[in-house]
Peer 1: 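Provided herewith is a single structure, encoded as structure tokens, for subsequent inquiry.
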Amino acid sequence: MKNITYCLMAGIIAILMVTGCKKDKTLQHTQVSAVTNLFAPANNKFIQLEPVTGSATFEWAEAHAEDNGLVLYEVAFDKEGGDFSKPIYTIPSDANGLYNKLTISYKDLNKVADLAGIQPQATGKLKWTVMSSKGINVVKATVSSIIEVQRAAGFTDIPADLYLTGSATEGGEDLSKAVHFKQTAAGVFEAWTSLKAGTYHFAERNTGTPATYSIDGIKLLKDGSTTVTGATKVERIVVDFTSASATITEVTEVGLWFAADNKVWFPLPYKAGGKWEIDNASIVFHQESWGRDERYKFRFTFKDAAGNTTTQFYGSKNSDNSRPDANTAKSFWYMVPVNNSQYDFCFKFTGAADNHNADIVVDFSADAAAYTHSVTVK
């Protein structure tokens with residue numbers, strides 16, 4: 001019985017030894033040398049990452065495989081003081097890793113710079129090296145190099161949505177109550193809201209741990225927060241990720257402008273949530289030789305950071321309209337920027353409004369189908 005047991009044990013050991021030898025032999029064929037020389041770009045070379053259609057070329061000396069076979073390469077990027085233990089970005093060389101050369105677009109280098117914390121339009125340094133392997137047993141080059149890059153104006157990753165949150169905002173620091181922006185163009189967001197003393201920042205969503213952004217002057221930056229001082233003001237905030245810029249313009253008045261009188265009848269007080277509202281406003285049409293004139297639009301008054309005042313009319317997309325009734329489409333009430341002509345692009349009150357009071361609401365909230373308004377006759 002002992003002889004049988006010994007024989008079995010000897011057989012198992014022999015199998016393990018053979019398997020181990022085969023495994024070791026296979027692993028020997030995956031050994032490669034480290035890259036020892038980086039040719040281009042030259043150390044500390046300055047690269048301006050514009051236009052985004054441009055590209056940069058990285059080249060290095062070949063590594064060698066123990067089996068004289070092909071070697072695969074990856075270029076690794078890190079922050080200036082990094083050691084590549086956790087590179088911020090890696091990318092295979094040309095021909096899916098077969099060439100000792102990498103052609104990388106400025107768009108992708110912008111992404112690398114963003115990961116390194118370099119802001120749009122700012123200049124910063126990136127460290128790079130080359131990893132060689134045969135798919136396993138990755139070997140880091142014995143050398144590394146630095147490039148200095150100046151980022152393009154816009155962000156490489158543009159959020160699909162945008163929110164405003166912080167102690168200075170209408171929703172406070174509760175992210176779930178953040179003010180929603182309306183996207184007005186690709187990468188451009190707009191919000192009409194009030195800001196009070198405190199701080200605020202932008203977030204890509206109102207749940208979890210979103211990416212955040214802030215403003216420094218007119219520059220849009222990743223992370224950080226912006227401080228507000230002074231009295232509460234109604235603001236129009238436009239955030240443009242394509243140019244990494246933001247503008248904040250105070251809205252000092254929204255007034256109902258009556259065409260026949262060629263003036264603002266009354267201002268609409270700002271309430272909250274991008275809405276202005278007046279209750280029980282007196283509506284009296286203007287008597288003309290041909291009948292009663294009921295045309296109106298809205299005049300917005302803005303003040304910029306330098307204290308300069310401008311006005312912009314918001315009216316109908318149609319140059320002329322009929323009086324609304326119960327069958328009028330919702331789009332009749334939509335508001336768009338229009339010129340300052342006295343009678344063109346005006347809305348018309350319903351006939352029932354003449355010599356009555358009405359509640360009038362201007363709704364520029366992001367969740368409305370479009371910037372719009374309503375007139376409710378009392």
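Reckoned from all heavy atoms, side chains included, excluding hydrogens, waters and symmetry mates.
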Peer 1: Listed by chain and number, what are the salt bridge (charged side-chain N to carboxylate O under 4.0 Å, His left out) partners of Lys182, not counting sequence neighbours?
Peer 2: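 Lys182 satisfies salt bridge (charged side-chain N to carboxylate O under 4.0 Å, His left out) with no residue once adjacent residues are dropped.
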
Peer 1: Is Arg295 salt-bridged to Asp293, cutoff N-O under 4.0 Å?
Peer 2: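 Counted as a salt bridge, because a side-chain N and a carboxylate O are separated by less than 4.0 Å.
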
Peer 1: Report yes if the side chains of Asp67 and Lys134 come closer than 4.5 Å at any heavy-atom pair, otherwise no.
Peer 2: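 Yes, their side chains come closer than 4.5 Å.
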
Peer 1: Is the shortest heavy-atom distance from the side chain of Ser341 to the side chain of Lys297 under 4.5 Å?
Peer 2: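 They are in side-chain contact.
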
Peer 1: Who clusters with Phe155? Use side-chain heavy atoms, under 4.5 angstrom, across I, L, V, M, F, W and Y, and order the result by chain and number.
Peer 2: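 Under the 4.5 Å side-chain rule, Phe155 groups with Ile158, Leu162, Leu164, Val179, Phe181, Phe189, Leu195, Tyr200, Phe202, Tyr213, Ile215, Leu220, Val228, Ile237, Val239, Phe241, Ile248.
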
Peer 1: Kindly check if the number of other-residue, nucleotide or ligand heavy atoms within 6.0 Å of OH (Tyr99) is above 12?
Peer 2: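 Atom OH in Tyr99 is not packed in, count stays at 12 or less.
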
Peer 1: Who pairs with Phe77 by ring-ring contact (aromatic ring centres under 6.0 Å, His included), at least two apart in sequence or on another chain?
Peer 2: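 Only Phe58 meet the ring-ring contact (aromatic ring centres under 6.0 Å, His included) criterion with Phe77.
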
Peer 1: Is it the case that one hydrophobic cluster holds both Met335 and Val251, taking links as side-chain heavy atoms less than 4.5 Å apart, direct or via other members?
Peer 2: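 Met335 and Val251: one cluster.
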
Peer 1: Got a sec: does the CD1 of Ile218 have more than 12 other heavy atoms crowding it under 6.0 Å?
Peer 2: no

Peer 1: With side chain to side chain contact (heavy atoms under 4.5 Å, CB included) as the test, would you mind laying out the steps for Ile47 and Leu49 before giving the verdict?
Peer 2: CA-CA 6 Å; Ile47 304 174; Leu49 303 179; 3.7 Å; yes

Peer 1: With a 6.0 Å cut-off on ring centres, are Phe298 and Trp257 close enough?
Peer 2: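 For Phe298 and Trp257, the ring centres are not under 6.0 Å apart.
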
Peer 1: With a cut-off of 6.0 Å (strictly less than), are more than 12 heavy atoms of other residues, nucleotides or ligands near CG of Asn96?
Peer 2: no

Peer 1: Within this structure, what is the CG-CD distance for the pair Asn100 and Glu62, rounded to the nearest 0.5 Å?
Peer 2: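 Here the interatomic distance stands at 5.0 Å.
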
Peer 1: Look at Asp78 together with Lys86 and state whether they make a salt bridge at an N to O cut-off of under 4.0 Å.
Peer 2: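 No salt bridge links Asp78 with Lys86.
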
Peer 1: Mind checking what makes salt bridge (charged side-chain N to carboxylate O under 4.0 Å, His left out) contact with Arg205, not counting sequence neighbours?
Peer 2: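 None.
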
Peer 1: Report the relative orientation of the aromatic rings in Trp192 and Phe364; use parallel for angles under 30°, tilted for 30 to 60°, perpendicular for over 60°.
Peer 2: perpendicular

Peer 1: For the hydrophobic clusters of this structure (ILVMFWY residues joined by side-chain heavy atoms under 4.5 Å, transitively), does one cluster hold both Val130 and Val139?
Peer 2: yes

Peer 1: For Phe285 and Tyr296, I'd like to know if the aromatic rings sit close, meaning centre-to-centre distance below 6.0 Å.
Peer 2: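 When the ring centroids of Phe285 and Tyr296 are compared, they turn out to be at least 6.0 Å apart.
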
Peer 1: More than 12 heavy atoms of other residues, nucleotides or ligands under 6.0 Å from NE2 of His356: yes or no?
Peer 2: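 Atom NE2 in His356 is not crowded, with 12 or fewer foreign heavy atoms closer than 6.0 Å.
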
Peer 1: Could you list the residues that satisfy salt bridge (charged side-chain N to carboxylate O under 4.0 Å, His left out) with Asp108, not counting sequence neighbours?
Peer 2: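 Expected list: Lys111.
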
Peer 1: May I ask whether Val75 and Leu115 are part of the same hydrophobic cluster, defined by side-chain heavy atoms of I, L, V, M, F, W, Y residues being less than 4.5 angstrom apart, directly or through others?
Peer 2: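 Same hydrophobic cluster.
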
Peer 1: Would you tell me whether Ser319 and Asp344 have side-chain atoms, one donor and one acceptor, within less than 3.5 Å of each other?
Peer 2: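 No, because no side-chain N or O of Ser319 sits under 3.5 Å from a partner of the opposite role on Asp344.
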
Peer 1: Is any NZ, NE, NH1 or NH2 atom of the basic residue among Glu148 and Lys45 found under 4.0 Å from an Asp or Glu carboxylate oxygen of the other?
Peer 2: no

Peer 1: Do Val254 and Trp265 share a hydrophobic cluster, counting only Ile, Leu, Val, Met, Phe, Trp and Tyr and linking them when any side-chain heavy atoms are less than 4.5 Å apart?
Peer 2: yes

Peer 1: Hey, do the aromatic rings of Phe258 and His286 have their centres closer than 6.0 Å?
Peer 2: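 So the answer is no for these two rings.
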
Peer 1: Are Val362 and Val338 in one and the same hydrophobic cluster, where Ile, Leu, Val, Met, Phe, Trp and Tyr link if side-chain heavy atoms are under 4.5 Å apart?
Peer 2: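 In one cluster with Val362: Val338, no.
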
Peer 1: Taking the six-membered ring for Trp, are His373 and Tyr334 ring centroids under 6.0 Å apart?
Peer 2: no

Peer 1: Would Tyr371 and Tyr314 count as a close aromatic pair, with their ring centres under 6.0 Å?
Peer 2: no

Peer 1: Applying ring-ring contact (aromatic ring centres under 6.0 Å, His included), can you list everything that pairs with Tyr270, at least two apart in sequence or on another chain?
Peer 2: Trp276

Peer 1: Give the intermediate values and the outcome of side chain to side chain donor-acceptor pair (under 3.5 Å) for residues Arg292 and Gln287.
Peer 2: CA-CA 5 Å; Arg292 305 282 282 172; Gln287 184 62 52; 3.2 Å; yes

Peer 1: Would you check, one step at a time, whether the test salt bridge (charged side-chain N to carboxylate O under 4.0 Å, His left out) holds for Lys127 with Asp83?
Peer 2: CA-CA 9 Å; Lys127 191 175 182 180; Asp83 61 2; over 6 Å; no

Peer 1: Measuring only between side-chain heavy atoms, which start at C-beta, is Leu256 closer than 4.5 Å to Leu268?
Peer 2: yes

Peer 1: Hey, is Asp279 close enough to Lys378 for a salt bridge, meaning N to O under 4.0 Å?
Peer 2: no

